[in-house]
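Accompanying notes for the structure given below.
Each residue takes its place number in the sequence, starting with 1. These numbers were taken from a predicted model, which means no experiment stands behind them.
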Amino acid sequence: MTDIVKQAESYEANELFDIKNSYYIGNYQQCINDAQKEPPNYGNLRLQRDIFMYRAYLAQKKYGIVLAEIKANSPPELKPFKLLAEYLQTPGNRNSILKTLEQELENMYEINHSLVIVATTIYNHEHNYESALRVLKNDDTLEGVTLSLIIYLRMNRVDLASKEFKKLKAMDEDATLTQMAQAWLNLALGGDKLQEAYYIFQELTDKYGVTALLLNSQSVCYIGQCEYKKAEITLQDALEKDSNDIDSLVNSLFISVHMKVSADVTKRQLNMLRDTYPNSDFIETYNKKEAEFDSLSQAYQ
């Protein structure tokens, strides 16, 4: 084996692993920092590095960077993320973007993993789980199977999610995605499985560092066990890591009701969510329910 091939394999096993792993556990800035280090120019490795870098920017809601840097002549594996940036940045133009996405999928003659990831993400936002599963049908990568598991959990089909988890274990039992999938499945199962889920998230934290995603996941374990004070403390730590993390903000609002926090604080938390995530599922559902309540109140006055 030549030295150049050994170097390529070493880079893929170390630097690329760290980049992917940072993204999966929610350490998006570390993912970007590692991706911006100049790697050896080994074809697909550089492309994979860029893919995860732009995905991390999207996770940080820095859509402008993705829109500016991915050009018409960029590799086909990068272009779908520009479409996702447009979808996330311009809610009013989503119908047009969905049509473009459908055209891209119709013209996909061989699996473009990036397009599959983007299509699944967009269909998830649209609550179109059937289309998301259809897109994932032929993607047998570790991430593709993990996404199928997540969708089944969103559909409350724990039985089907369990089947996907068995596939993940067979593919790579020790992978970070497999470990996280096990924890998510345990959260859905509840009961004694909540403690097992907590230990998995803690092990990932001990191994790879603290992130808002992992802390928020642990808070969900506490909420499921009605340990609201512990959940509150964990969520405070999560918000210190990322003050705009929507899951942490929503869970903090939920906790405030159980902790009998003052109405002013609860209202402030709700207004933060409204200001930061006006188009989120939570706020849209809340506004709808609030309007229904106001309508009923007027009817009985």
With Tyr24, which residues qualify under ring pair (Phe, Tyr, Trp, His ring centres under 6.0 Å), at least two apart? Phe52

Do the non-hydrogen side-chain atoms of Ser162 and Val158 ever get within less than 4.5 Å of each other? yes

Given side chain to side chain donor-acceptor pair (under 3.5 Å), test Glu69 with Tyr54 step by step and report yes or no. CA-CA 9 Å; Glu69 295 188 8; Tyr54 287 124; 2.8 Å; yes

Residues in side chain to side chain contact (heavy atoms under 4.5 Å, CB included) with Pro278, at least two apart? none

Side chain to side chain contact (heavy atoms under 4.5 Å, CB included) with Asp34: which of Asp18, Asn21, Asn27? Asp18

Approximate separation, where rounding is to 0.5 Å, of His127 NE2 and Asn124 CG: 9.0 Å

Of all residues at least two apart in sequence or in a different chain, which pass the ring pair (Phe, Tyr, Trp, His ring centres under 6.0 Å) check with Tyr152? none

Is there side-chain contact between Met155 and Leu133, with at least one heavy-atom pair below 4.5 Å? yes

Hphob cluster co-occupancy, Ile117 + Leu88, side-chain heavy atoms under 4.5 angstrom: yes

Heavy atoms, side chains only, cut-off 4.5 Å: are Glu126 and Tyr87 in contact? yes

Salt bridge Arg55-Glu143, side-chain N to carboxylate O under 4.0 Å: yes

Taking side chain to side chain contact (heavy atoms under 4.5 Å, CB included) as the definition, give me every residue that meets it alongside Pro76, ordered by chain and number, with sequence neighbours left out. Asn112

Considering non-hydrogen atoms only, spot the tightest contact between Lys79 and Ala72 and give its length. NZ-O, 2.7 Å

So how far is it from Asp242 CG to Leu213 CG, rounded to the nearest 0.5 Å? 10.0 Å

Please tell me if the side chains of Leu189 and Leu194 come closer than 4.5 Å, counting only heavy atoms from C-beta onward. no

Looking at CG of Leu235 and NZ of Lys230, how far apart are the two atoms once the value is rounded to the nearest 0.5 Å? 14.0 Å

Are Leu215 and Ile255 linked, directly or through other ILVMFWY residues, by side chains that come within less than 4.5 angstrom of each other? no

Hey, is the main chain of Tyr123 close enough, under 3.5 Å, to the side chain of Ser131 for a donor-acceptor pair? no

Looking at every heavy atom in both Ala56 and Ile32, which two are closest together, and how far apart are they? CB-CG1, 3.6 Å

Sequence neighbours left out, what passes ring pair (Phe, Tyr, Trp, His ring centres under 6.0 Å) with His258? Give chain and number order. Tyr228, Phe254

Is there a donor-acceptor pair closer than 3.5 Å between any side-chain N or O of Ser114 and the backbone N or O of Glu77? yes

Is it true that Glu232 and Lys229 make a salt bridge, defined as a side-chain N closer than 4.0 Å to a carboxylate O? yes

Could you check whether Tyr198 and Gln225, counting side-chain N and O atoms only, form a donor-acceptor pair closer than 3.5 Å? no

Same apolar cluster (I L V M F W Y, side chains within < 4.5 Å links), Val265/Met259: yes

Hey, does Ile150 have a side-chain heavy atom less than 4.5 Å from the side chain of Thr146? yes

Begin with the C-alpha distance, continue with both residues' side-chain angles, and end with the deciding distance and a verdict on side chain to side chain contact (heavy atoms under 4.5 Å, CB included) for Leu177 and Leu168. CA-CA 8 Å; Leu177 281 178; Leu168 287 172; 5.7 Å; no

I'd like to check the side-chain hydrogen bond (donor to acceptor under 3.5 Å, both in side chains) partners of Tyr28; sequence neighbours left out, ordered by chain and number. none

From Ser280 OG over to Asn287 CG, what is the distance, rounded to the nearest 0.5 angstrom? 8.5 Å

By side chain to side chain contact (heavy atoms under 4.5 Å, CB included), Lys62 pairs with (sequence neighbours left out) Gln29, Tyr57, Gln60, Ile65

Below 4.5 Å, heavy atoms only, C-beta onward: do Ser256 and Gln269 meet side chain to side chain? yes

Are there over 12 heavy-atom neighbours, none belonging to Asp192, within less than 6.0 Å of that residue's CG? no

Under 4.0 Å between a side-chain nitrogen and a carboxylate oxygen: does that hold for Asp264 and Lys267? no

Report yes or no: does Thr178 contribute a side-chain atom to a donor-acceptor pair with the main-chain N or O of Asp174 at less than 3.5 Å? no

Closest non-hydrogen atom pair between Ile19 and Ala35, with its separation: CD1-CA, 3.7 Å

Assess the residue pair Glu164 and Lys167 against the criterion (salt bridge (Lys or Arg N to Asp or Glu O under 4.0 Å)); give the C-alpha distance rounded to whole Å, side-chain angles, the decisive distance to 0.1 Å, and a yes or no. CA-CA 5 Å; Glu164 296 302 307; Lys167 293 181 187 177; 3.2 Å; yes

With a 4.5 Å cut-off on side-chain heavy-atom distances among I, L, V, M, F, W and Y, is there a chain of contacts connecting Ile223 to Ile233? no

Would you compute the distance between atom OH of Tyr63 and atom CD of Gln89 and round it to the nearest 0.5 angstrom? 8.0 Å

Residue pair Lys193 / Leu187, side-chain heavy-atom distance below 4.5 Å: no

Set of side-chain hydrogen bond (donor to acceptor under 3.5 Å, both in side chains) partners for Asn186, sequence neighbours left out: Gln182

Say you draw a straight line from CE of Met180 to CG of Leu149; how long is it, rounded to the nearest 0.5 Å? 12.0 Å

Pairs of donor and acceptor atoms involving the side chains of residues 288-297, under 3.5 Å and at least two apart or interchain, shall be tabulated with distances.
residue, atom, partner, partner atom, Å
Glu290, OE1, Arg274, NH2, 2.7
Ser297, OG, Phe293, O, 2.9

Mark yes or no for whether Thr141, through its side chain, and Gly144, through its backbone, hold a donor-acceptor pair below 3.5 Å. yes

In the hydrophobic clustering that connects Ile, Leu, Val, Met, Phe, Trp and Tyr at side-chain heavy-atom distances below 4.5 Å, which members other than Met272 occupy its cluster, ordered by chain and number? Leu239, Ile246, Leu249, Val250, Leu253, Leu270, Leu273, Tyr277, Phe282, Ile283, Tyr286

With sequence neighbours excluded, what pairs up with Thr276 under the side chain to side chain contact (heavy atoms under 4.5 Å, CB included) test? Asn244

Return all side-chain donor-acceptor pairs below 3.5 angstrom for residues 199-211, not counting sequence neighbours, or 'none' if the list is empty.
residue, atom, partner, partner atom, Å
Tyr199, OH, Gln195, NE2, 3.3
Gln202, OE1, Gln218, NE2, 2.8
Gln202, NE2, Asp206, OD1, 2.9
Thr205, OG1, Phe201, O, 2.9
Thr211, OG1, Ile25, O, 2.6
Thr211, OG1, Leu214, N, 3.2

Donor-acceptor pair between Asp245 and Asn216 side chains, under 3.5 angstrom: no

Could you check whether atom NZ of Lys163 has more than 12 heavy atoms from other residues, nucleotides or ligands sitting under 6.0 Å from it? no

With a 4.5 Å limit on heavy-atom distance, are the side chains of Leu84 and Leu58 in contact? yes

Just checking, is any N or O donor in the side chain of Asn107 or Gln103 under 3.5 Å from an acceptor N or O on the other one? no

Consider only side-chain heavy atoms of I, L, V, M, F, W and Y, link residues closer than 4.5 Å, and tell whether Leu67 and Leu98 are in one cluster. no

How close do Ala238 and Ala212 get, heavy atom to heavy atom, and via which atoms? O-CB, 3.7 Å

